[in-house]
Amino acid sequence: MEKKRALITGINGQDGSYLAEHLLDHGYLVHGLVRRASERNHDRIAHLLDDIELINGDLLDQTSLVSAVREVRPHEIYNLAAQSFVPASFSQPVLTGEFNGLGVTRLLDAVRIVDPKIRFYQASSSEMFGNVETAPQDEMTKFQPRSPYGVAKLYGHWITVNFRESYGLYAVSGILFNHESPRRGSEFVTRKITLSAARIAAGHQKQLRLGNLDARRDWGYTGDYVEAMRMMLQQSAPRDYVIGTGESHSVREFVEEAFGLLGLDWREYVISDPALGRPADVDSLVANPRRAMTELGWKPTVDFRGLVRMMVEADVALVAREMTRDPEERRLTLREPLSATK
Ligand code: NAP
Ligand code: G4F
């Protein structure tokens, strides 16, 4: 039987790397779209490079997307590429709109032109719910985004619905709540906390500056969430799904748990710095994933404490490895104190 071919945009990101592993495990031929850079840096997928094919393309460039889809002729496309860091969307709102809104349109149009039978997954976000009035949030909850990121994602979401309704594409949105892992970018709050806690425990960092400690998120494990992405493209009819654990915790609780695992009292190290706040933040998010559980048979396998432990252990091991390297290499990998980034 012919193997299924998948094209993943953003394969070099956190989710892309886990999804590539997951699809390879399911017997797929995996192709990844990567944008050109002066130097190729594929850290997260280095271990997969013999098993996957990379193709150049950029969400800003329609021609490159049409060419990539023509060349790969995938059965399924997973559109994970995006400007994914919410604070950056306040400083670069137009670029974020180009990537996260129009970029989706360009890719959907490439599907329509090359082969409308290709199944399409769009990485939508719980950030679209924004200023929520009801909890938990499900597929019927009103969208009230609070950041240029959320607004642009909402464009991507609705254009996916629009292409489904207008052209009959099998195009779906996964409205995913925050998901984390040891491969999470170090500017996102969970990884910033676990990496800093590991460095503080090793005596290589003195303090950790954070913004809004009261914000609450529904944090799950990325390995579980990529499984939901594949499941969404195997149904008899296309439908959008909310994916989350159904549990929410504050940033403060995350800090307390992470530092506690290392025997540290977080109050001695963590500074809440209003300068790290956002022009507008989302106070609290929590998912109702019932539709995904009943229709897809999906359920999370890692809970909050398991997730924090996994990330802390990975960062303790990372810091220990880095300390055995020569000082110049170490300077490059353990750059500036994380407190400097939002
Ligand atoms: P990530 O680690 O930041 O990865 C994003 C990827 O997109 C990177 O590989 C990046 O490439 C690529 N990219 C950015 N702009 C591009 C462009 N113009 N053309 C081609 N590729 C481009 O993000 P993630 O956490 O894996 O998230 C994956 C997707 O899910 C994103 O769309 C995000 O908005 C969405 N999402 C994430 C979460 C979450 O909690 N993680 C929740 C809901 C939705 P480079 O490697 O070249 O920078
Ligand atoms: O980790 P965060 O930056 O994630 P955020 O903004 O929720 O966005 C992530 O999840 C979305 C899904 O809802 C994705 F769509 C998006 O791509 C991304 O993956 O911040 C989480 C919370 C915020 O309320 C923020 O204000 O943590 C708060 N926070 C407090 N101190 C901080 C910090 N966030 C960061 N990044 N850095 C801090 O120092």
Side-chain angles (χ1 to χ4, degrees), residues 8-19 32-37 40-45 56-61 64-65 68 78-89 95-96 98-100 102-104 106-107 121-130 137 145-147 149-150 152-153 156-157 173-181 183-193 196 208-220 222 225-226 229 243-244 250-252 254-255 270-273 275-278 280-285 287 338-342:
I8 304 174
T9 75
I11 193 165
N12 205 28
Q14 175 194 235
D15 291 14
S17 67
Y18 278 93
L19 180 63
L33 186 97
V34 289
R35 52 183 171 170
R36 210 202 72 78
R40 283 200 157 188
N41 176 0
H42 297 317
D43 283 358
R44 291 191 182 99
I45 51 171
N56 280 315
D58 198 305
L59 289 183
L60 297 183
D61 184 57
S64 70
L65 298 178
Y78 296 85
N79 183 34
L80 309 186
Q83 192 298 95
S84 71
F85 191 47
V86 173
S89 77
L95 189 60
T96 301
E98 282 283 354
F99 285 173
N100 298 4
L102 286 176
V104 186
R106 293 188 188 99
L107 192 53
Y121 172 87
Q122 167 56 17
S124 286
S125 165
S126 55
E127 181 75 11
M128 301 186 312
F129 292 126
Q137 293 84 47
R146 294 267 287 167
S147 62
Y149 170 87
K153 278 282 172 184
H157 178 76
S173 272
I175 306 174
L176 271 50
F177 284 63
N178 300 48
H179 42 279
E180 319 293 316
S181 73
R183 293 183 209 160
R184 183 59 139 157
S186 57
E187 57 196 352
F188 296 90
V189 76
T190 54
R191 186 78 200 293
K192 183 173 169 181
I193 294 166
S196 295
L208 167 62
R209 279 181 187 276
L210 292 172
N212 179 7
L213 295 179
D214 296 319
R216 299 184 71 85
R217 290 292 183 276
D218 179 336
W219 282 297
T222 304
Y225 288 47
V226 298
M229 296 177 190
I243 302 294
S250 66
V251 172
R252 183 179 288 97
F254 196 106
V255 170
V270 174
I271 295 167
S272 178
D273 181 352
L276 293 176
R278 299 173 183 184
D281 201 359
V282 172
D283 294 333
S284 181
L285 291 172
L338 286 173
S339 311
T341 64
K342 280 196 179 182

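Computation of the quantities below employed the complete heavy-atom set of this structure, encompassing side-chain atoms and omitting hydrogens, waters and symmetry-equivalent molecules. In listed order, ligands and their atoms are each counted from 1.
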Can you tell me how far the NZ atom of K153 sits from the CD1 atom of I175, to the nearest 0.5 Å?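 It is 11.5 Å, given to the nearest 0.5 Å.
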Report yes or no: does a heavy atom of R184 sit under 4.0 Å from some atom of ligand 2?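 Checking ligand 2 against R184, which is what was asked, there is a heavy-atom contact under 4.0 Å.
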Please work out whether any backbone atom (N, CA, C, O) or any side-chain heavy atom from C-beta onward of [X] is under 4.0 Å from ligand 2, and answer side chain, backbone, both or neither.
| X | answer |
| --- | --- |
| K153 | neither |
| V189 | both |
| S84 | both |
| D281 | side chain |

Who pairs with [X] by salt bridge (Lys or Arg N to Asp or Glu O under 4.0 Å), at least two apart in sequence or on another chain?
| X | answer |
| --- | --- |
| D273 | R209 |
| R44 | none |
| D61 | none |

D58 and R35: which non-hydrogen atoms are nearest, and at how many Å?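 So the minimum-distance heavy-atom pair works out to OD2-CB, 3.6 Å.
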Checking side-chain contact (heavy atoms from CB on, under 4.5 Å) between I11 and each of L33, L80, V34, L19, which is the one that passes?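 Of the listed residues L33, L80, V34, L19, the side-chain contact (heavy atoms from CB on, under 4.5 Å) partner of I11 is V34.
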Identify, chain by chain and in numerical order, each protein residue with a heavy atom under 4.0 Å from an atom of ligand 1.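 Ligand 1 is contacted, at a heavy-atom distance under 4.0 Å, by G10, N12, G13, Q14, D15, R35, D58, L59, L80, A81, A82, S84, F99, A123, S124, S125, Y149, K153, L176, F177, N178, H179, R184.
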Start with the C-alpha gap between S126 and N178, add the side-chain angles, then the distance that decides, and say whether side chain to side chain contact (heavy atoms under 4.5 Å, CB included) holds. CA-CA 8 Å; S126 55; N178 300 48; 3.9 Å; yes
Out of all atoms in ligand 2, which are within 4.0 Å of some heavy atom of [X]? Include the element for each.
| X | answer |
| --- | --- |
| A215 | 24 (O) |
| S125 | 11 (C), 12 (C), 13 (O), 14 (C), 15 (F) |
| E187 | 35 (C), 36 (N), 37 (N) |
| V86 | 6 (O), 8 (O) |
| E127 | 13 (O) |

Just by modelled atom types, is the T9 backbone N or O under 3.5 Å from a matching donor or acceptor in the N79 side chain?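 The answer is no, because no donor-acceptor pair under 3.5 Å joins these two groups.
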I'd like to know if the side chain of T222 reaches the main chain of E180, judged simply by a donor and an acceptor atom lying under 3.5 Å from each other, with no hydrogens or angles considered.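 Present.
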Are D214 and R252 ion-paired here, with the side-chain N under 4.0 Å from a carboxylate O?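 So D214 pairs with R252 through a salt bridge.
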Would S173 and S124 satisfy side chain to side chain donor-acceptor pair (under 3.5 Å), going step by step from the backbone distance to the final call? CA-CA 6 Å; S173 272; S124 286; 3.0 Å; yes
Within-cut-off N or O pair, G211 and ligand 2, under 3.5 Å: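 Yes, there is a polar N/O contact under 3.5 Å.
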Hey, looking at atom 6 (O) of ligand 2, which of E180, R278, Q14, R217 has the closest heavy atom?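 The residue whose heavy atom sits nearest atom 6 (O) of ligand 2 is R278.
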So do the side chains of V282 and R217 get within less than 4.5 Å of each other, counting heavy atoms only?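 The answer is yes, as the side chains (C-beta and beyond) meet within the 4.5 Å cut-off.
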